[in-house]
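Written out below as structure tokens is the structure these notes cover.
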Amino acid sequence: MCCNTTKFAPYFKENSKMRYNFNDIEKKWQKIWAERETFKAENNSDKPKYYVLDMFPYPSGAGLHVGHPLGYIASDIYARYKRHKGFNVLHPQGYDSFGLPAEQYAIQTGQHPAVTTETNIKTYRRQLDQIGFSFDWSREVRTSNPEYYKWTQWIFIQLFESWYNNDSNKAESIETLVEVFNSEGNSNVNAACDDNTEIFTAEEWNSYSSEQQQEILLKYRLTYLAETEVNWCPALGTVLANDEIVNGVSERGGHPVIRKKMTQWSMRISAYAERLLQGLDTIDWTDALKDIQKNWIGKSVGASVRFPILSFPKREKKLDSKMPGYMTGGNNSHLLIERAKEMRTNPTEAEAALWGSLRGKKLGAKFRQQHLINDFIVDFVCLDKKLIIEVDGKIHDFKIEEDKARTERLENDGYKVIRFKNEEVLGNIDVVLNKIEGELTQRESIKSEQVLPSGKDLGWEIEVFTTRPDTIFGASFMTLAPEHELVAKITTPEQKVEVDAYIEATAKRSERDRMADVKTISGVFTGAYAEHPFSKTPIPIWIGDYVLASYGTGAVMAVPCGDQRDYDFAKHFNIPIPNIFEGIDISEEAFADKDKTIIANSDFLNGMNYKKATKRVIYELEQIGQGEGKTNYRLRDAVFSRQRYWGEPFPVYYKNGLPQMIDVEHLPLTLPEVEKYLPTETGEPPLGNARVWAWNTATNAVVENEKIDNTTIFPLELNTMPGWAGSSQYFNRYMDPRNDNEIFSQEAIDYWQQVDLYIGGSEHATGHLLYSRFWQKFMFDKGLVPVDEFAKKLINQGMILGTSAILYRVSGTNQYVSREQKHNYDVEEIRVDVNLVNASDEIDIEKLKHWQPQFKDAEFILENGNYTVGREVEKMSKRWFNVVNPDDIVEQYGADSLRLYEMFLGPLEQYKPWNTAGITGVHGFLKKLWKLYVGQDGLNINDAEPTKDNLKTLHKTIKKVEEDIENFSFNTSVSTFMIAVNELTAQKCTSKDILEPLLVLISPYAPHIAEELWERLGNSESISTAPFPKFEEKYLVESSKNYPISFNGKMRFTMELPLDLSKDDIEAAVMANEKTQEQLQGRTPKKVIVVPGKIVNIVG
RNA sequence: GCUGAAGUGGUGGAAUUGGUAGACACGUUGGACUUAAAAUCCAAUGGCCAUUAUGGCCGUGCGGGUUCAAGUCCCGCCUUCAGUACCA
């Protein structure tokens, strides 16, 4: 035995070298590529540049599944192809390594997210390496590295220091804005800013305190602090962006989401709405993706119209109207007057705040403070309206009975008493003032009984946005969102109860309920009327929850004849539906087709079409000063704060509650250590747990929290940045990733310019891909990048889906029934590991019993001795147990097989279920390819002159593969390779002139086998930069064509004819053929169509 | 509802401007090799009807239309997927 082994060993060794030993070959070349840095890109080169980028992955604990590499393989093929075509190719890879899963894991285990992330990245790297990607790993970036997020923080500061000038249509330094404020105030500034920004003069600006100025500037900055209503997810303890919510629950984990008000950092992306829209026309992205972004930006063009509010209808007088004068004290006045004076000079904080807003008829009525009424001192009173305002401190909680008696007595005298708590006044004075204002308008003046307060006199008006100003004469009512600020002011006393009840009911309904319930029509009349700008007729004002406070002005002019919702609303509440369309029947439904509209019953708009009428009505509105043309966008500013640990810290500390930026030279501000990754007990973000998280402005260092003195040492921001922060400029950082002085050098960005080809999933359409475009445009405005779109071309690869395996458990038992019989039982679906199931959908019951304990004692109702599982195609996910790992495939078939197979599966953009059944096909192809080059005894290659057939096969392959790669049709080029190898094998081709160029064609797809065979052919340089073979038409030129001969369009037989025959000659030849006569059976054809080189069709 | 994409054998999918529908694979069936299995090779494979090699009919979601000729173009539907959703 021993001797035999020794004797045959050399033979086996030799033989194994001749086999397609993919595991050895792939390891060998991966090592060589890494050692020689074969794919390292230089920032300067004589070659033209090409930048191919993948969306970098989040390194999750589950590792790569077979879906991840799909896009990477496609981009790698393209990158390799471009190298063959003589380009200097940048093809980098990195990790989007901040994110929720690592943090969730940290919360559960206490493991620092950085540790988990590092482990996961190692796994990713190993998995990526074994697939043989041509990444330039020397440029790797990780968003969670301080050296990287230093620049994320830097961009944040740049945004903070900028405002958007709508006149120059670009972002500008905040300094330029301050200059304008100093010299002329803000009345001429045309900026993207908060809606509630007040107008001030230069004098006023200069009189403001530094804090007041900073507060005003925040309303202009491109990143700003604002109290916003956010999507709060209690389970995750964080705010979610709209695109992180799917069907009302969080995308991650599926937890419920509620609306909540919080102070948050926001990004003023809305300033860029129009440019984000226009820019789409300049880039080569798919229409599908552009449409998603267009919809998301949601531009609508129309007009803004202002409707004055009319007087309320008269109501009966109930109040006792004896004139009280201003001396309203009672018998004990002399005792109380001194006390009242004292209280006036020493008001509480809340009283002082409120008085500041009530004094000097600021609300349109005179108030007195600490005034005597009978034997009471009331805080504030408007004698004219007999309205008393009381501001209560904590002590009043214990004097409820006393207060009640006092209120009763005052009300008997005809006063109305409203009470506020200190916190209400200090917390949100606007709400308080709004309520007071509402009360004032509801109460009659005792001085003037005949003239009622009128909205028109007060200058109140409802502003609406409409896309159909041409239908303004069809407006028969108005609807306000229940949350609209005017609602409290204009509602008449008669309607108040009903309106309040409706508002309360709406507030209780969650977004989800509102969404689910689109059909129910609800609303309430406020009792108030607005005046039509042209007809001057009164229009009733309703509230209804179909109007959203967050879009437009939160108010609509309802034109029931032209809008179905308005129509339904009008029908439901019996509101008139005037018809303003010529010859259109609106008795059944509204008519919304604006292109077919001719306006009638509309005064000066009669007889006009939509376009003309719109133009005219806007002109008329401008003439009377009640409206103008306006464009609205659905795109909202993006909330940028997350109540999370594992994210970029904001380079921000707080001085007197106002945010201050840390100087750029002190970046990065690194994440502090915390003991717990959960929010603090007081509900602060996890960074609230950090003990060393204060900023010392003297030393410019992070110091212990105890040292905070608010003079030199200040608290730091506790929120962190969202996931998209780190991914919004990473593509530019790859150009110069190790630069510590700049985000990237001028030379680097000038050389690489922008991404030429970007490949990634379309699920990022309204997230990463929109935010990145926004930041790129900002960087462009700042002169930092040469182009304002970061990716010239974008391809969306489809997702590879899993095929889940489903067991059917009979309800309430531990019995499982096979698929065929499930309809006979009441069953629940249970997903199980797909690896337990064979290709015929039969499960291995023994393995299943060991898989999870619940199956140990389970009973199975079989069908023909087997248990067949149900199948469901869905997203690959750990929780569906349908994840297929690429490692096993690589182990069993090799990386080249995996690469080819993923491409062969179907068109790149298509969503497709993973199914390993076909992988033997491409693996067989590689073996066949190998055998074409390597025989039992060595290479099959020689210098034989190629035959005509050899050349024809090669050149048609060159042509097809080149076209396919340019069109990203990778699946068809795999077929083309198969055909080529099948043909060359049949031709017994051994010619080096054919087989060597063929390797270059295949190399982008299957680089390992190509490199190996390339080397065996005697090449010492890597195949990766070998020139792509040149296609030559002459080898494909044919002298004859096998014409399909069809009769009435149906192909019956074919006929070989020379290509240089004329039409007539072809016709003659075909007619002379006996098969033609057979088909015709004596009939004479009516017509013979001859398309030379294509087809012959005989009609008749 | 609106916007976009798609619908082709048992399966994944081909078909560049209208011009031989089903390339290339998988699977299945039969055969060769083998003690056997694997691997490999050969043949058949859209359906139906015939069968003497030859043939015939029907077929690209459904119904119409344009054309010598339609998977491809036009009109009207159906279904699936994705995005968005009371957006004024």
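Residue numbers begin at 1 in each chain, while the letters A, B, ... track the order of the sequences.
The listed nucleotides are B/rU16, B/rC68, B/rA85; the one nearest the side chain of A/E963 is B/rU16. Considering only side-chain atoms of A/P907, the nucleotide from B/rA14, B/rC87, B/rG19 that sits closest is B/rA14. Each of B/rC57, B/rA21, B/rU84 was ranked by its minimum atom distance to the side chain of A/M1051; first place goes to B/rA21. Which of B/rC24, B/rC86, B/rC87 sits closest to the side chain of A/Y551 comes down to B/rC87. Nearest to the side-chain atoms of A/N295 among the listed nucleotides B/rA14, B/rU3, B/rC87 stands B/rU3. Checking B/rG4, B/rU20, B/rU40 against every side-chain atom of A/P1044, the shortest atom distance belongs to B/rU20. Counting only heavy atoms from C-beta on, A/Q910 has its side chain closest to B/rG13 among B/rC68, B/rA88, B/rG13. Picking from B/rG83, B/rG19, B/rC58 the nucleotide with the shortest atom distance to the side chain of A/K1050 gives B/rC58. Closest approach to the A/K931 side chain among B/rU20, B/rU40, B/rG13 is made by B/rU40 (side chain taken as heavy atoms from C-beta onward).
No donor-acceptor pair closer than 3.5 Å links the side chain of A/R468 to the backbone N or O of A/G562. For the pair A/Q564 (side chain) and A/A590 (backbone), a donor-acceptor distance under 3.5 Å is present.
Across all strands shown, A/T920 has heavy atoms under 4.0 Å from sugar-phosphate atoms exclusively, and none from any base. A/N982 comes within 4.0 angstrom of the backbone, heavy atoms only, and of no base. Note on A/K294: nothing from the nucleic acid sits closer than 4.0 angstrom, heavy atoms only. Using a 4.0 Å heavy-atom cutoff across all strands shown, A/F977 reaches no nucleic acid atom at all. Residue A/K1094 is in base contact, counting any heavy-atom pair closer than 4.0 Å across all strands shown. Using a 4.0 Å heavy-atom distance criterion, A/N971 is classed as a sugar-phosphate-only contact. Among the atoms of the strands shown, base atoms are found under 4.0 Å from some heavy atom of A/V1091. Contacts of A/K927 with the nucleic acid, taken as non-hydrogen atoms under 4.0 Å apart, involve only primed sugar atoms and P, OP1 or OP2.
Atom P of B/rA70 sits at a distance of 10 Å from the matching atom of B/rA21, rounded to the whole Å. Annotation: B/rU11 and B/rU60 have their P atoms spaced 16 Å apart (nearest Å). Atom P of B/rG64 sits at a distance of 11 Å from the matching atom of B/rG59, rounded to the whole Å. Taking atom P on both nucleotides, B/rG76 is separated from B/rC2 by 13 Å, rounded to a whole Å. Atom name C1', nucleotides B/rG18 and B/rG13: the rounded distance is 22 Å, in whole Å. Comparing the P positions of B/rC26 and B/rA43 gives an interatomic distance of 14 Å, to the nearest angstrom. Taking atom P in both B/rA38 and B/rC33, one finds a spacing of 16 Å when rounded to whole Å. One C1' atom belongs to B/rG61, the other to B/rU8, and the distance between them is 10 Å to the nearest Å.
In terms of position on RNA chain B, the residue among A/R468 and A/S975 whose nearest nucleotide sits closer to the 5' end is A/S975. Where A/D563 and A/D964 each meet RNA chain B at their nearest nucleotide, the meeting point lying more 5' is that of A/D964.
The aromatic rings of A/F925 and A/F977 sit parallel, their planes meeting at an angle under 30°, below the 60° perpendicular limit. Between A/H768 and A/H764, the ring planes lie perpendicular to each other; the angle is over 60°, past the 30° to 60° tilted range. Ring geometry for A/F1047 against A/F1053 counts as tilted: the plane angle lies between 30° and 60°, on a 0 to 90° scale.
Separating the CD1 atom of A/I543 from the P atom of B/rC86 is a distance of 18 Å, rounded to the nearest angstrom. Going from atom CE of A/M978 over to atom C1' of B/rC26 covers 10 Å, rounded to whole Å. Distance A/Y901 OH to B/rC26 C1': 8 Å, rounded to the nearest Å. Nucleotide B/rC68 holds its P atom 14 Å from the NZ atom of A/K1063, rounded to whole Å. Note: CG (A/L908) to P (B/rG13) measures 13 Å, nearest angstrom. Taking atom NZ of residue A/K290 and atom P of nucleotide B/rU3, one finds them 19 Å apart after rounding to whole Å. The separation between A/N915 atom CG and B/rA25 atom C1' is 12 Å, rounded to whole Å. Between A/L480 atom CG and B/rA88 atom P there is a gap of 18 Å when expressed in whole angstrom units.
In the displayed structure, A/K952 atom NZ is contacted under 6.0 Å by at most 12 heavy atoms of other residues, nucleotides or ligands.
The phosphate of B/rG19 (OP1 or OP2) has no side-chain N or O of A/S1046 nearer than 4.0 angstrom. Applying the 4.0 Å criterion to OP1 and OP2 of B/rC87, one finds that A/R565 has a side-chain N or O inside that range. Checking the phosphate oxygens (OP1, OP2) of B/rC86, no side-chain nitrogen or oxygen of A/R634 falls inside 4.0 Å. An OP1 or OP2 oxygen of B/rG12 is reached within less than 4.0 angstrom by no side-chain nitrogen or oxygen of A/K912.
Salt bridge present: A/R306 and A/E628 bring a charged side-chain N and a carboxylate O closer than 4.0 Å. With salt bridges taken as basic N to acidic carboxylate O contacts below 4.0 Å, one links A/E963 and A/K959. Electrostatic pairing of A/K571 and A/E588 does not count as a salt bridge here, judged by no charged N lying under 4.0 Å from a carboxylate O.
For A/Y546 and A/T479, the side-chain atoms include at least one donor-acceptor pair closer than 3.5 Å.
Among all heavy-atom pairs drawn from A/W285 and A/K290, the shortest one is O-CE, 3.5 Å.
Listed by first residue number, the stems of RNA chain B with at least three Watson-Crick or G-U pairs below 3.5 Å are B:1-7 with B:78-84, B:10-12 with B:24-26, B:27-32 with B:40-45, B:46-49 with B:55-58, B:61-65 with B:73-77.
Glycosidic conformation, B/rG9: syn, with the torsion inside 90° of 0.
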